[in-house]
Amino acid sequence: ITLTPNVAVSLEQTENLRTSDHAQFLRLLGMLNQQTSSMSAHERWQLRYLDAWQDSFQGDYGNADPALQDVIKHSADPVLVTKASAVLMDDMRNSRRYEPAFELANQLVANLPKTRDKLARYMVLSYASQLLRSAGQYDLAATYARDMAQALPPGETPCQPWAQLLAALQASHKLTSSSADIQRGLEACQAAKLSLFTEIIELVKGDLYLDENQPAKTVALLSAIAPSIRASGFHLAMLHAREQLARAYWKLGDDDNARKAALAVLAISEPDDVNESLRNAYQVLYLIEKKHGRATAALNYYQQYAEQNAGYLNDVSARTLAYDVAQQHMLAEKLETEKLSKQNNILRLQQTLAAKTIETGRLYIVLLLVLLASVIFWLLRTKRSQLHFQRQARLDGLTGIFNHQHFISEAQRATNLLARRQGDACLVFIDLDYFKQINDTHGHAIGDAVLKHTVSICKQPLRATDLFGRLGGEEFGILLLDCPPGQGAVIADRIRTTIEATPVDIDGHVVTFSASIGLASTLTSGYELKRLCRDADAALYRAKHIGRNRVIAYAEHGDLSNAFNAGNAG
Ligand SMILES: Nc1nc2c(ncn2[C@@H]2O[C@H](COP(=O)(O)OP(=O)(O)OP(=O)(O)O)[C@@H](O)[C@H]2O)c(=O)[nH]1
């Protein structure tokens, strides 16, 4: 495999080879590092991440971790940040920084729903599963291992998810050596030609045989996979295989081989290593020495065993504790966010309430205004109809002029005022002649028209201050204010002559008619209305009596003289 001219493609190709063909990966990585000058900033961050991955793979956390932190802080690519964080989390686990490892795991797992990139997701699930298994959270570890298989990134096979799932199931005692899952896992890894994971699954099976008291099967299995384990050179697998062999031989009573295998574990370990395999190897050595009565050697191995056991158990409890602490932190943060969101909710509710109160206030104001407007409207309407009715009550229904009662009361008021300033007024009574005949000849409707016609004629010579009313039937009254008797007689006669000269013409009915008029003046009758009325009435009576269609003024001392004999008949 060689690099393509496209740097982005080459970077991806290199990344996909990192576990399936590590040698190729290293070669391509070296070549990419020669080409940094032609790379974009983003491509340089990707390369920096791959270099860090390689450092981490070699266990060189001192170099890997600062580079990963750098990528997380500065690359600004969420996918790269997730991958770098996942690798960092695994480094922390391997270098026993459990608390930050679990804190990071919590963050990454919380972000999983947003993590769409298949490889980034796969890495988070894989490392989180291993970390959780190390802290005794086997069920979660198994769940994450199953999730890994759900969306495999390019270059990955179901093999590794199987290996992690089986390890988690074994740890929680949910697996037997005859489980079909073991066979499936082995087949997946053999198909993928991933010997490392094949060996891990075989070793799980070897442990299960031992748990089930079938040490001979463990020995047989280990001798079958020994060449491949040697070839892979995977340190942990070699330790585990030898330690397992030691325990199997011890169970079989083959002390020599047990001893050899246990010593082989010590041979490939560093002096200050502490792990489960070393603990088990020392235990086997101690038991053999004790069995053979070699007390000093037995005591010596026992001390080593006890140290390893304490160290290993410390490590286990450190992981469990770190997990618990991280969970507590997460819980505390969750409570804090819940508290904050509750406070936010309360604030929001308060704001809504305030807005509603303002809205309700406005609504009340609008309601009050509407109510006020309605009341004003109602009052105006009532007042208007009251005024209307009052006016109606004062007016004559047919002609629209004052009715008798109102005419009299207004005339009373006017004569009273006039009396105070000694002004002149004339009271004129007008009565149509032979009106009954008009009704009888032409009908009542024509009679009404004659009455209206008369009113319009009478109005013509009047001033705004004069009073005019219908006294009943075909009789009208006029109070001419500030009017001496002479002028009053002239006005009255003008009315009479106009009536006489202006017949009513309705639908071909031409009705000629006349009126008799009686006049009384304050000059002769005084200001008392009753007296004025009586005198005007007497003058009218006289006008009728002496032949109608004339104006008669009331004369003092009962002497009624014909005021305008000149224009009048009779
Ligand atoms: N069409 C009409 N007729 C009315 C009205 N009010 C009263 N009358 C009539 O007016 C007539 C008055 O008749 P009389 O009192 O005998 O008087 P007259 O016929 O005018 O005779 P003299 O006054 O003596 O000239 C009656 O027939 C009433 O019915 C009215 O509002 N409309």
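Start at 1 and go down the list; that is how both ligands and their atoms are numbered.
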Mark up the atoms of ligand 1 that fall under 4.0 Å of a heavy atom belonging to G447, in ascending order. 1 (N)

Looking only at N/O atoms, are L398 and ligand 1 under 3.5 Å apart anywhere? no

Where does the angle between the aromatic ring planes of Y323 and F102 fall among parallel (under 30°), tilted (30 to 60°) and perpendicular (over 60°)? perpendicular

Distance filter under 4.0 Å to G473 heavy atoms, resulting ligand 1 atoms: 6 (N), 7 (C)

Hey, is R121 close enough to D147 for a salt bridge, meaning N to O under 4.0 Å? no

When you check the gap from the basic side-chain N to the acidic O, do E500 and R496 get nearer than 4.0 Å? yes

What protein heavy atom lies closest to atom 24 (O) of ligand 1? Include the residue and the distance to one decimal. R548 NH2, 2.9 Å

Hey, which atoms in ligand 1 end up nearer than 4.0 Å to a heavy atom of D431? 23 (O)

Test of understanding: given a 4.0 Å heavy-atom threshold, classify the contact between I446 and ligand 1 as side chain, backbone, both, or neither. neither

Out of curiosity, is K452 lining ligand 1, as in a heavy atom under 4.0 Å away? no

Which of the numbered atoms in ligand 1 are below 4.0 angstrom from a heavy atom of L432? 20 (O), 23 (O), 25 (O)

Does D433, backbone or side chain, put an N or O under 3.5 Å from an N or O of ligand 1? no

To check your reading of the model: name the closest protein heavy atom to atom 25 (O) of ligand 1, its residue, and the distance in Å. Y434 N, 2.7 Å

Closest heavy-atom approach to atom 17 (O) of ligand 1 among E475, H442, K436, E474 is made by E474

Cationic N near anionic O, under 4.0 Å, R18 to E15: no

Out of D440, N439, L451, whose heavy atom is nearest to atom 1 (N) of ligand 1? N439

Is it the case that ligand 1 has an N or O less than 3.5 angstrom from some N or O of F435? yes

Who gets closest to atom 31 (O) of ligand 1 by heavy atom: R470, Q437, H444? R470

For Y434 and R548, which I'm curious about, is there any donor-acceptor pair between the side chains at under 3.5 Å? yes

Looking only at side-chain N and O atoms, does Q164 offer a donor or acceptor that is under 3.5 Å from a partner on Q160? yes

Write out the residue and atom name of the closest protein heavy atom to atom 32 (N) of ligand 1, then the distance separating them to 0.1 Å. D448 OD1, 2.8 Å

Do S341 and N344 have a side chain donor and acceptor closer than 3.5 Å? no

Is a side-chain N or O of H404 found less than 3.5 angstrom from the main chain of L471, in a donor-acceptor match? yes

Keeping S525 on the side-chain end and T522 on the backbone end, is there a donor-acceptor pair under 3.5 Å? no

Which of the atoms in ligand 1, numbered in the order shown and given with their element, are less than 4.0 Å from a heavy-atom of K544? 22 (P), 23 (O), 25 (O)

For the CD atom on E43, are there more than 12 heavy atoms of other groups (residues, nucleotides or ligands in this structure) within a distance under 6.0 Å? yes

